[in-house]
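Some notes on the structure that comes next.
Residue numbering restarts at 1 for every chain, and letters A, B, ... go by the order of the sequence lines.
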Number of protein chains: 2
Amino acid sequence: MDKVDLQQAGLRVTGPRLKVLAVLEAHRDNHLSADDVYRILCEANDDVGVATVYRVLSQFESAGMVKRQVFSSERAVYELAEEEHHDHMICTTCGDVEEFCRAELEQMLEQLAEAHGFKPLYHDLNMYGLCRRCQAQQQA
Amino acid sequence: MDKVDLQQAGLRVTGPRLKVLAVLEAHRDNHLSADDVYRILCEANDDVGVATVYRVLSQFESAGMVKRQVFSSERAVYELAEEEHHDHMICTTCGDVEEFCRAELEQMLEQLAEAHGFKPLYHDLNMYGLCRRCQAQQQA
DNA sequence: ATATTTGCAAAGCATTTGCAGAGAT
DNA sequence: ATCTCTGCAAATGCTTTGCAAATAT
């Protein structure tokens with residue numbers, strides 16, 4: 001089914017692309033940087049050039065298969081695109097990323113935009129703070 | 001009063017720092033990149049090294065005098081810090097940045113965070129789309 | 001007088017690009 | 001057979017840093 005995704009995106013089915021896709025799927029719950037993907041592939045002896053990883057990720061993004069995020073001016077991270085939009089809470093201590101979505105919130109944003117005569121296309125909403133675990137550890 | 005700001009921040013009052021501050025004040029309604037600031041100073045024959053501009057801006061940020069923003073992975077831009085928090089609408093066509101703030105929105109974010117056991121410290125909320133002017137031009 | 005700040009040029013980091021060879025259709 | 005993709009290494013763009021001279025206190 002990966003092949004199909006690639007073909008639908010008008011991309012040839014190649015080793016590097018399948019490998020990158022596999023890595024993203026194997027780490028669905030993490031947000032990986034291009035370099036993370038590269039490293040994971042290297043460790044698995046699946047040799048793919050860094051440049052290719054960057055190129056493939058950006059092609060996937062253009063094809064709408066992955067989403068690119070930049071959290072507080074760190075390096076970009078990628079996640080497989082899901083149909084439903086979501087926003088992020090990023091722990092400033094451990095770096096953990098939690099996703100959330102709330103229809104009311106999205107509605108309110110639409111309304112706010114409209115009130116400013118602005119036609120919204122997409123948005124980034126990132127909350128930075130302490131995740132549950134790090135709060136607990138801080139108290140200890 | 002600029003001098004006072006610098007002194008309060010524990011920074012010595014120097015030419016370059018005053019000049020950078022002056023540029024930011026003269027462009028309150030724009031979001032300037034480090035290079036924008038550098039260029040503006042050059043054009044005014046107020047020679048300050050680029051490195052200094054970067055250093056000064058980051059010192060100002062640490063001191064809470066300016067806010068640093070990164071819109072959709074472009075270069076960082078800076079704006080004088082205001083007491084009230086605000087979010088941004090960025091026109092994807094002309095790059096214009098509009099600020100907005102809505103108490104209900106901030107409240108909802110707090111609630112959402114709490115519901116996730118997350119302790120929010122700050123957030124970035126950027127909407128990308130078409131500003132009023134660019135919408136009009138698109139139709140023409 | 002002394003500690004901080006500046007400018008320059010060099011280094012750093014993430015990411016992109018040119019190009020010739022390898023690979024997919 | 002042809003057009004696309006890959007890997008490498010070099011280039012890019014923004015930002016940071018080392019260091020000696022200049023400056024603020």
- Closer than 4.0 Å, any side-chain N/O of B/Y54 to the OP1 or OP2 of D/dT15? yes

Atom-to-atom span, [atom1] of [X] to [atom2] of [N] - whole angstrom:
X     : N      : atom1 : atom2 : result
B/D46 : C/dT6  : CG    : C1'   : 15 Å
A/L6  : D/dC5  : CG    : P     : 10 Å
A/Y38 : D/dT6  : OH    : P     : 15 Å
A/K3  : D/dC5  : NZ    : P     : 16 Å
B/L57 : D/dC14 : CG    : P     : 15 Å
A/R68 : C/dA14 : CZ    : P     : 13 Å
B/Q69 : D/dC14 : CD    : C1'   : 18 Å
A/K19 : C/dG23 : NZ    : C1'   : 13 Å

- Message: Taking CD in B/E114 as the centre, count heavy atoms belonging to other residues, nucleotides or ligands within less than 6.0 Å. Is the count above 12?
- Response: no

[X]-[Y] side chain donor-acceptor pair, cut-off 3.5 Å:
X     : Y     : answer
A/R68 : A/S58 : no
A/H31 : A/D29 : no
B/T52 : B/R17 : no

Check every strand shown and say whether [X] touches a base, only sugar-phosphate, or nothing at a heavy-atom separation below 4.0 Å.
X     : result
A/R12 : base
B/V50 : nothing
A/T14 : sugar-phosphate

Nearest to the side chain of [X] - [options]?
X     : options               : value
A/R17 : D/dC5, D/dC8, C/dA9   : D/dC5
B/R75 : D/dC8, D/dT15, D/dT6  : D/dT15
A/P16 : C/dA14, D/dT6, D/dT15 : D/dT6

- Can you label the angle between the B/F71 ring and the B/Y128 ring as parallel, tilted or perpendicular, going by 30° and 60°? perpendicular

- How do B/L11 and B/A34 order along DNA chain D: which one's closest nucleotide is nearer the 5' end? B/A34

- Could you check A/D35 against A/R55 and say which one's nearest nucleotide on DNA chain C is further toward the 5' end? A/D35

